[in-house]
*Asks:* 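First the structure, which I've put down as structure tokens, then a few questions once you've had a look.
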Amino acid sequence: MTNMKSTFELDEEARRILIANDRGGYTVPTDGLYPYQWNWDSAFAAFGFASFDIDRAWLEFEWLFKGQWSNGMVPHILFHQVDPGYFPGPEIWGCGGQVPSSGISQPPVAASFMRKVFESDPVAGRRHLEVLFPRLMAWHGWFMDWRLDRGAVCVTHPWEAGRDNALDWDAAMAAMDPAGVGEYTRRDTSHVDASMRPTKYDYDRYIWLVQNGRRANWDEAEMLKTNPFRVADPTLTFTLLRANRDLKAMGRAIGADTARIDEWIGTLEEGAKTLWNPQIGAYDARDVHSGAFAGSLSNASFLCWFAGVDGEAMHPHLTRMLRDVPFAIPSLDPENPAFDSRRYWRGPTWAIMNALIGFGLEDAGLTEEADLLRQKTAALIAEHGFAEYFDPFDGTPAGGGSFTWTAAVWLGWASASAAPGVAGTGRRVAN
Ligand code: DGY
């Protein structure tokens, strides 16, 4: 045990991190490495703020939706204030819109956290929700219109899944030719050890895809024709499915029409089945162009319970991870030869993914597994701090420090003080 801080001290530290990363309406994931508002990070930030400042939680969502495009898309980064410490910035993305932004989206977890915030004070939340509900409908509708393949949701850039360098994209990335990408200077490796970040091979392709989107004027119909990268992804499919269930519950609470959401849920439930890879006996990413599965048992595979789809055949994998990996759940199965314990999404454990998986396990009635996962996550943070991600075997903190979403997950879920029924913890969410 390297750290003997009390729950009270850790709660205090987590609140200090959120407050320090607050830029007055939106929260940066961490100072330096990520100096803007990131989409799914900010939904976690709202969840964390809700444990001590509900108004601030709603403000975070409102700032996120300030950046919504007229086609409904909510970008993955909002460049509210230019910061030269980050690459690629707004001038590289070249997007229009009210707030300068990136041209891709990110896992739509906002509705799921908004429901938790709303239900912790429905009276105060109603006026916020009435404004944001149609915004969420438009965003989810954009995914349903543009990103489906056989009912599963596709990413058009690895950054869209949030799991930048996951094994899931390897074949699709290898099939790309990033010729003409030109010279550029990465900024991430000036903030964080390069061995913990994606490689130059990856970055050439990330940047080429940004340039390609820009050439298409970020027009979805055009990108559908020209983008070589299109992968049906468990992160997007499972989070959107769950988000639709939460959106429906919120819609009912304010008396909105939810018939369209029922259709979306049915489509996505069918789509989730197309991500089942019988060869590895797990939910997996599927390359739309080649039709091939990635062969990746990742932490996104375990989001099936969060989505409310059948997880029975995933259970033996869960048991193995919880038994064999001290700080489960790793972002890639340690038995996979590509496992790399400190390189971003190729092995490390992420507290945010554990929280989503944990909510799903609770909802499915797998309370023992949910408790064990929560305890492992709490020990990881208590002993190794509020890092971006962690080595799943020895807990070494990796990536950025003083990280918003790790602090938020501590406050809302992992900390012993996270009371059942308050901002989500322990609450069973009816599907
Ligand atoms: C980055 O810059 O590494 C981000 O993950 C992109 O969203």
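Both counts, for ligands and for their atoms, begin at 1 and track the order of listing. The structure presented is a predicted model; accordingly, all values stated were derived computationally and were not measured.
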*Asks:* Atoms of ligand 1 less than 4.0 Å from Tyr344 heavy atoms?
*Replies:*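 Here the atoms of ligand 1 in question are 3 (O), 5 (O).
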*Asks:* Of the options Arg346, Arg342, Arg343, which is the one that meets Asp391 in a salt bridge (charged side-chain N to carboxylate O under 4.0 Å, His left out)?
*Replies:*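 Answer to the salt bridge (charged side-chain N to carboxylate O under 4.0 Å, His left out) test with Asp391 among Arg346, Arg342, Arg343: Arg342.
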*Asks:* Using distance alone, determine whether His76 and ligand 1 share an N or O pair under 3.5 Å.
*Replies:*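 Yes; at least one N/O pair falls below 3.5 Å.
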*Asks:* How about Tyr34 and Glu388: does a side-chain donor come under 3.5 Å of a side-chain acceptor?
*Replies:*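 Note: Tyr34 and Glu388 side chains meet the donor-acceptor criterion.
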*Asks:* With the threshold set at under 4.0 angstrom, would you say Tyr34 reaches ligand 1 through any of its heavy atoms?
*Replies:*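 Yes, Tyr34 has heavy atoms under 4.0 Å from ligand 1.
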*Asks:* Do Ser298 and Ser331 come close enough that some side-chain heavy atom pair is under 4.5 Å?
*Replies:*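 Of all side-chain heavy-atom pairs linking Ser331 with Ser298, none is under 4.5 Å.
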*Asks:* Within the structure provided, determine whether His384 and Phe327 are in side-chain contact (heavy-atom separation under 4.5 Å).
*Replies:*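 His384 reaches Phe327 side chain to side chain.
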*Asks:* Under 4.0 Å from a heavy atom of Tyr86: which atoms of ligand 1 are those, numbered in the order shown and with their elements?
*Replies:*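 So the atoms of ligand 1 that pass are 1 (C), 2 (O), 4 (C), 6 (C).
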*Asks:* Mind checking whether Phe386 and Trp410 have parallel, tilted or perpendicular rings, split at 30° and 60°?
*Replies:*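 Answer is perpendicular, since the angle exceeds 60°.
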*Asks:* Please could you name the atoms of ligand 1 that Arg197 approaches to less than 4.0 Å, counting only its heavy atoms?
*Replies:*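 Counting atoms of ligand 1 from 1, those under 4.0 Å from Arg197 are 1 (C), 3 (O).
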*Asks:* Looking only at protein heavy atoms, identify the closest one to atom 4 (C) of ligand 1 and say how far it is in Å.
*Replies:*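 Going atom by atom, the protein heavy atom closest to atom 4 (C) of ligand 1 ends up being Asp164 OD2, 3.6 Å.
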*Asks:* Can you find an N or O of Gln106 that's nearer than 3.5 Å to an N or O of ligand 1?
*Replies:*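 N/O-N/O distance below 3.5 Å does not exist for this pair.
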*Asks:* Starting from the C-alpha separation in whole Å, work towards a yes-or-no answer on side-chain contact (heavy atoms from CB on, under 4.5 Å) for Ser42 and Tyr26.
*Replies:* CA-CA 7 Å; Ser42 82; Tyr26 70 97; over 6 Å; no
